[in-house]
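As the structure is a computational prediction, the values presented were derived from the model and not from experiment.
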Amino acid sequence: MVFAIGMYFGGLFFLGVNYYFQRTNFVRIPEDIKNIRNDLKKVGLIPETFGSGNVVSIVPNPGSITKKGRTVNVIMRNDKFSLPNLYGIFYLDGLEILKVYNLNVEIVKIKFPGPDGRILASFPSFGTMVNEGEKVKILVDSGEFGGIK
């Protein structure tokens with residue numbers, strides 16, 4: 001009987017500790033974008049900026065809840081802007097970033113060893129100054145076998 005009571009309270013303690021640690025690992029992405037990089041660091045997130053100028057978008061969206069330690073993409077732009085370096089990023093995330101810049105994106109897929117779906121290059125190349133609406137081709141790894149369709 002004492003053993004059963006001990007097991008019961010031990011299980012409750014374990015569940016309570018587990019619940020506490022799961023709840024404290026989540027944070028809300030700040031909605032005020034004036035000083036977004038510092039605000040993201042304060043709540044335990046890692047800001048990764050693309051471009052320069054004014055903040056035009058944040059991925060995931062401000063106000064959403066995510067785990068501490070996650071990278072948050074802060075997308076910035078001026079009238080003429082530098083094409084962000086998307087090398088190694090999963091192509092769907094890269095498309096979301098390029099959508100903010102209103103670029104005409106064409107995907108070119110090749111078979112390449114390594115993780116499927118990552119961006120390998122672009123034309124014009126990353127860092128080139130482009131205007132809104134310009135055509136950009138991105139080279140995406142479709143994988144060796146059974147890659148992205």
Side-chain angles (χ1 to χ4, degrees), residues 10-149:
L12 285 178
F13 177 76
F14 173 77
L15 290 174
V17 169
N18 190 25
Y19 176 77
Y20 172 77
F21 281 110
Q22 284 184 354
R23 294 285 295 165
T24 58
N25 283 333
F26 288 94
V27 294
R28 184 176 300 278
I29 296 175
E31 295 194 37
D32 180 19
I33 62 171
K34 291 179 184 170
N35 198 9
I36 193 66
R37 284 184 265 181
N38 289 334
D39 292 345
L40 289 171
K41 288 178 184 176
K42 283 180 187 174
V43 296
L45 298 170
I46 302 165
E48 185 172 350
T49 57
F50 294 94
S52 62
N54 299 321
V55 175
V56 292
S57 183
I58 300 168
V59 179
N61 294 326
S64 60
I65 297 174
T66 189
K67 281 195 166 198
K68 280 185 183 177
R70 180 173 179 187
T71 299
V72 175
N73 298 317
V74 179
I75 304 155
M76 309 169 91
R77 93 166 173 211
N78 291 324
D79 291 336
K80 187 165 186 140
F81 51 90
S82 174
L83 188 63
N85 185 352
L86 302 175
Y87 177 78
I89 293 179
F90 186 64
Y91 83 104
L92 290 177
D93 293 336
L95 287 176
E96 283 295 316
I97 292 167
L98 293 175
K99 184 192 310 182
V100 172
Y101 290 99
N102 294 322
L103 295 170
N104 182 3
V105 181
E106 180 183 336
I107 298 173
V108 178
K109 297 177 184 174
I110 66 165
K111 293 182 184 275
F112 194 80
D116 293 353
R118 64 194 162 113
I119 297 174
L120 302 173
S122 72
F123 179 80
S125 61
F126 301 127
T128 302
M129 297 302 282
V130 293
N131 292 311
E132 188 173 327
E134 263 188 59
K135 184 172 184 171
V136 174
K137 292 182 181 183
I138 58 172
L139 187 64
V140 176
D141 174 15
S142 64
E144 296 172 297
F145 302 103
I148 302 167
K149 308 238 184 297

Of all the heavy-atom pairs spanning [X] and [Y], show the shortest one and how long it is.
| X | Y | answer |
| --- | --- | --- |
| Lys111 | Asp141 | C-OD1, 4.2 Å |
| Pro62 | Glu31 | CB-CA, 3.8 Å |
| Asp39 | Pro30 | CB-CG, 3.8 Å |
| Pro124 | Leu83 | O-CD2, 3.2 Å |
| Gly94 | Ile89 | N-CG2, 3.9 Å |

Quick one, [X] and [Y] - any side-chain contact, counting heavy atoms below 4.5 Å?
| X | Y | result |
| --- | --- | --- |
| Pro84 | Ile97 | yes |
| Lys137 | Ser122 | no |
| Arg118 | Leu120 | yes |
| Leu98 | Leu86 | yes |

>> Holding to side chain to side chain donor-acceptor pair (under 3.5 Å), I want the full list of residues that pass it with Asn61, two or more places apart in sequence or in another chain.
In response: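 Result, side chain to side chain donor-acceptor pair (under 3.5 Å) vs Asn61: none returned.
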
> Which residues satisfy the side chain to side chain donor-acceptor pair (under 3.5 Å) test with Thr128, sequence neighbours excluded?
Replying inline: Ser125

Tell me every residue that passes side-chain contact (heavy atoms from CB on, under 4.5 Å) with [X], counting only those two or more places apart in sequence or in another chain.
| X | result |
| --- | --- |
| Lys99 | Glu96 |
| Arg28 | Ile65 |
| Val55 | Ile33, Ile36, Ile58, Val74, Met76 |
| Glu134 | Leu103, Val130, Asn131 |

>> Assess the residue pair Ile29 and Leu45 against the criterion (side-chain contact (heavy atoms from CB on, under 4.5 Å)); give the C-alpha distance rounded to whole Å, side-chain angles, the decisive distance to 0.1 Å, and a yes or no.
In response: CA-CA 8 Å; Ile29 296 175; Leu45 298 170; 3.9 Å; yes

>> Evaluate Val136 against Asn104 for side-chain contact (heavy atoms from CB on, under 4.5 Å), listing each step before the verdict.
In response: CA-CA 6 Å; Val136 174; Asn104 182 3; over 6 Å; no

> Ignoring hydrogens and geometry, is there a side-chain-to-backbone donor-acceptor pair from Ser57 to Val100 under 3.5 Å?
Replying inline: no

To the nearest 0.5 angstrom, please state how far the [atom1] atom of [X] sits from the [atom2] atom of [Y].
| X | Y | atom1 | atom2 | value |
| --- | --- | --- | --- | --- |
| Tyr91 | Asp116 | OH | CG | 10.0 Å |
| Asn85 | Phe50 | CG | CZ | 8.0 Å |
| Arg37 | Ile46 | CZ | CD1 | 15.0 Å |
| Ile138 | Tyr87 | CD1 | OH | 14.0 Å |

> Where do Tyr101 and Ile75 land on the side-chain contact (heavy atoms from CB on, under 4.5 Å) test, with the steps shown first?
Replying inline: CA-CA 9 Å; Tyr101 290 99; Ile75 304 155; 3.4 Å; yes

> Do Val59 and Val72 pass the side-chain contact (heavy atoms from CB on, under 4.5 Å) test, and can you show the C-alpha distance, the side-chain angles, and the key distance before you say yes or no?
Replying inline: CA-CA 6 Å; Val59 179; Val72 175; over 6 Å; no

